[in-house]
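Residue indices begin at 1 and follow the sequence shown. None of these values were measured; they are calculated from a predicted model.
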Amino acid sequence: MGWARSQPCALALAAAVAVCAFYYLGGGGETFSSATRRLRATPPGPGPARRQRTAAGGEAGRALHVLMMFTKAERNPALRAKAETALRSMLRHGTPRRGDALHLHLVTDGPGRDIAQGMLRDALRGAAFRHQVIIHDVNELTEKLFPIVEDMQKHFSAGSGTYYSDSIFFLSVAMHRIMPKEITQIIQVDLDLKYKANIRDLFEEFDNFQERAVIGIAREMQPVYRHTFWQYRRENPQTRVGEPPPDGQPGFNSGVLLLNLEAMRHSKLYNQLLEPAMVQKLTEKYHFKGHLGDQDFFTMVGMEHPELFHVLDCTWNRQLCTWWKDHGYSDVFEQYFRCEGEVKIYHGNCNTPIPED
């Protein structure tokens with residue numbers, strides 16, 4: 001999804017029903033077993049209303065589910081390099097609390113699986129986290145997703161019409177319908193990231209969700225949607241749609257996504273918005289035609305129902321792409337691009353170099 005979009009690499013993720021292999025790499029040994037069975041034995045990660053407790057009454061560890069997409073890697077050395085940077089920086093800065101376990105989900109194809117196995121062995125050697133790696137077959141996931149998002153694709157895909165393969169670009173939108181119910185929270189990330197802070201701290205953001213929020217996401221840091229919503233903005237000159245922060249609605253960037261799967265499953269509103277008639281209604285209202293997959297869907301829904309989203313601070317997804325600065329929006333670009341505070345995650349979208357350590 002990501003390498004075709006202007007807001008790049010997607011690091012997307014997966015569902016235990018589509019597992020093709022499972023590896024337990026912690027503790028110096030490597031064993032193989034059923035991913036579905038193993039995942040169902042894993043206690044759900046605690047949420048605001050659902051804390052696990054130890055026998056002594058203290059707070060238990062957290063199940064840290066992180067999902068990424070890694071496909072077509074055999075002919076893309078740049079993608080492999082990005083994945084290595086993301087994994088190594090995540091693990092280098094990661095510090096678990098007692099009882100935490102990192103569950104790393106990787107969506108990949110056959111050739112990518114072989115590459116990923118070697119890469120993961122190197123990256124996870126000596127990791128501070130107890131960890132599991134769950135590998136999911138991209139074709140099996142696409143088969144699960146297509147009936148759910150088929151109609152949606154024609155509004156938010158780069159090509160004309162609906163393509164079966166495009167379904168994987170919408171994995172985050174329907175993750176709650178694919179993942180086993182025992183997994184209540186998951187973070188989906190792009191591959192073109194570099195972590196400067198503890199990934200465990202990002203999971204704490206789930207505890208800050210308001211009652212109706214189902215997804216945590218950062219704002220888009222370019223005037224992408226100022227451009228995309230041009231017709232709606234012309235017809236509604238007082239609108240906040242497409243305006244820069246802090247008072248405007250600049251849209252979202254899906255490079256870092258916090259998916260509260262339990263809340264997504266129980267939100268009547270969110271599930272209604274997945275229905276073709278609702279998608280059609282909103283795209284017509286906003287004259288919306290996008291090409292960035294899940295990011296476009298979340299942005300459009302956020303214009304209508306901001307209460308469904310917990311807005312992450314820009315430092316959790318500090319985007320570096322400046323493409324729109326040189327393509328007609330230099331006068332307003334800095335209003336979108338500025339980000340104050342110590343960066344926790346750099347996002348090298350549109351192949352922008354990430355600062356060296």
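Across all non-hydrogen atoms, the minimal contact from L261 to I183 is CD1-O, 3.6 Å. Of all the heavy atoms in H65 and H105, the pair that sits closest is ND1-NE2, 3.0 Å. Of all heavy-atom pairs spanning L193 and S89, the tightest one is O-OG, 4.4 Å. For V241 against R233, the heavy-atom pair with the smallest separation is O-NH1, 2.8 Å. Closest non-hydrogen pair, D109 versus K72, comes out as OD2-N, 2.9 Å. P111 and E74 get closest at one heavy-atom pair: CB-OE1, 3.7 Å.
The closest side-chain heavy-atom distance from F203 to D100 is not below 4.5 Å. Annotation: side chain of R177 is in contact with side chain of N271 (closest heavy-atom distance under 4.5 Å). With contacts defined as side-chain heavy-atom distances shorter than 4.5 Å, the pair Q210/E307 does not qualify. Taking the side chain as every heavy atom from C-beta outward, L274 and F297 approach each other to under 4.5 Å. Looking at K344 and H93, their side chains never come closer than 4.5 Å, going by heavy atoms from C-beta outward. Considering only heavy atoms from C-beta on, N253 stays 4.5 Å or farther from M221 through its side chain. Side-chain contact between F70 and L191: present, with at least one pair of heavy atoms (C-beta onward) separated by less than 4.5 Å. The side-chain heavy atoms of M152 and D166, taken from C-beta on, include no pair separated by under 4.5 Å.
Two different hydrophobic clusters hold W230 and Y232 under the rule that ILVMFWY side chains link at heavy-atom gaps under 4.5 Å. In this structure, Y346 is not a member of the same hydrophobic cluster as L312, with clusters built from ILVMFWY side-chain heavy atoms closer than 4.5 Å. Residues L141 and I148 fall within the same hydrophobic cluster, defined by Ile, Leu, Val, Met, Phe, Trp and Tyr side chains chained together at heavy-atom separations under 4.5 Å. No continuous path of hydrophobic side-chain contacts links M90 to V343 [ILVMFWY only; heavy atoms under 4.5 Å]. Taking hydrophobic clusters as Ile, Leu, Val, Met, Phe, Trp and Tyr residues chained together by side-chain heavy-atom distances below 4.5 Å, L273 shares a cluster with V149.
With rounding to the nearest 0.5 Å, the separation of CD in Q231 from CG in N236 is 10.5 Å. Here the CG atom belonging to D151 is positioned 4.0 Å from the NZ atom belonging to K154, to the nearest 0.5 angstrom. Atom CD of Q222 sits about 11.5 Å away from atom OH of Y329, to the nearest 0.5 Å. Distance check, rounded to the nearest 0.5 Å: CE of M300 to OG1 of T228 gives 12.5 Å. Interatomic distance, CG of L282 versus NE2 of H305, reported as 6.5 Å (0.5 Å rounding). The distance from the CD atom of Q280 to the NZ atom of K285 is 14.5 Å, given to the nearest 0.5 Å.
For H347 and Q319, the side-chain atoms include no donor-acceptor pair closer than 3.5 Å. Side-chain polar atoms of E304 and Y286 form a donor-acceptor pair below 3.5 angstrom.
With ring centers used as reference points, F206 lies under 6.0 Å from F209. In this structure, the ring of F309 has its center less than 6.0 angstrom from the ring center of F252.
Counted within 6.0 Å of NE2 on H266, heavy atoms from surrounding residues, nucleotides or ligands total 12 or fewer; the atom is thus considered open. Taking a 6.0 Å sphere around CD of E211, one finds it holds 12 or fewer heavy atoms contributed by other residues, nucleotides or ligands.
Between V214 and the options H310, R265, M264, a side chain to side chain contact (heavy atoms under 4.5 Å, CB included) holds for only M264.
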Discussion item. What verdict does the side-chain contact (heavy atoms from CB on, under 4.5 Å) test give for E243 and Y225, after you've listed the backbone C-alpha separation in whole Å, the side-chain angles of each residue and the deciding distance to 0.1 Å?
Written reply: CA-CA 8 Å; E243 287 292 297; Y225 294 108; over 6 Å; no
Worksheet item: Would D296 and H155 satisfy side-chain contact (heavy atoms from CB on, under 4.5 Å), going step by step from the backbone distance to the final call?
Response: CA-CA 9 Å; D296 286 334; H155 301 290; over 6 Å; no
Item to complete: Show your reasoning for whether side-chain contact (heavy atoms from CB on, under 4.5 Å) applies to L292 and T299.
Response: CA-CA 10 Å; L292 301 178; T299 289; over 6 Å; no
Fill in: side-chain contact (heavy atoms from CB on, under 4.5 Å) between H131 and L64, intermediate numbers included
CA-CA 9 Å; H131 49 271; L64 311 175; over 6 Å; no
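In this pair, F156 and F170 present their aromatic rings tilted. The plane angle is within the 30 to 60° band. Relative orientation of the W324 and H227 rings is tilted, given thresholds of 30° and 60° on the angle between their planes.
Under the 4.0 Å criterion applied to side-chain N and carboxylate O atoms, D137 and R113 are not assigned as salt-bridge partners. Note on E342 versus K196: no salt bridge recorded, every NZ/NE/NH1/NH2 to OD/OE distance being 4.0 Å or above.
Formation of a donor-acceptor pair under 3.5 Å by the R80 side chain with backbone atoms of A73 is found in this model. Formation of a donor-acceptor pair under 3.5 Å by the R130 side chain with backbone atoms of G99 is found in this model. Under a 3.5 Å cut-off, the side chain of R219 and the backbone N or O of C314 do not form any donor-acceptor pair.
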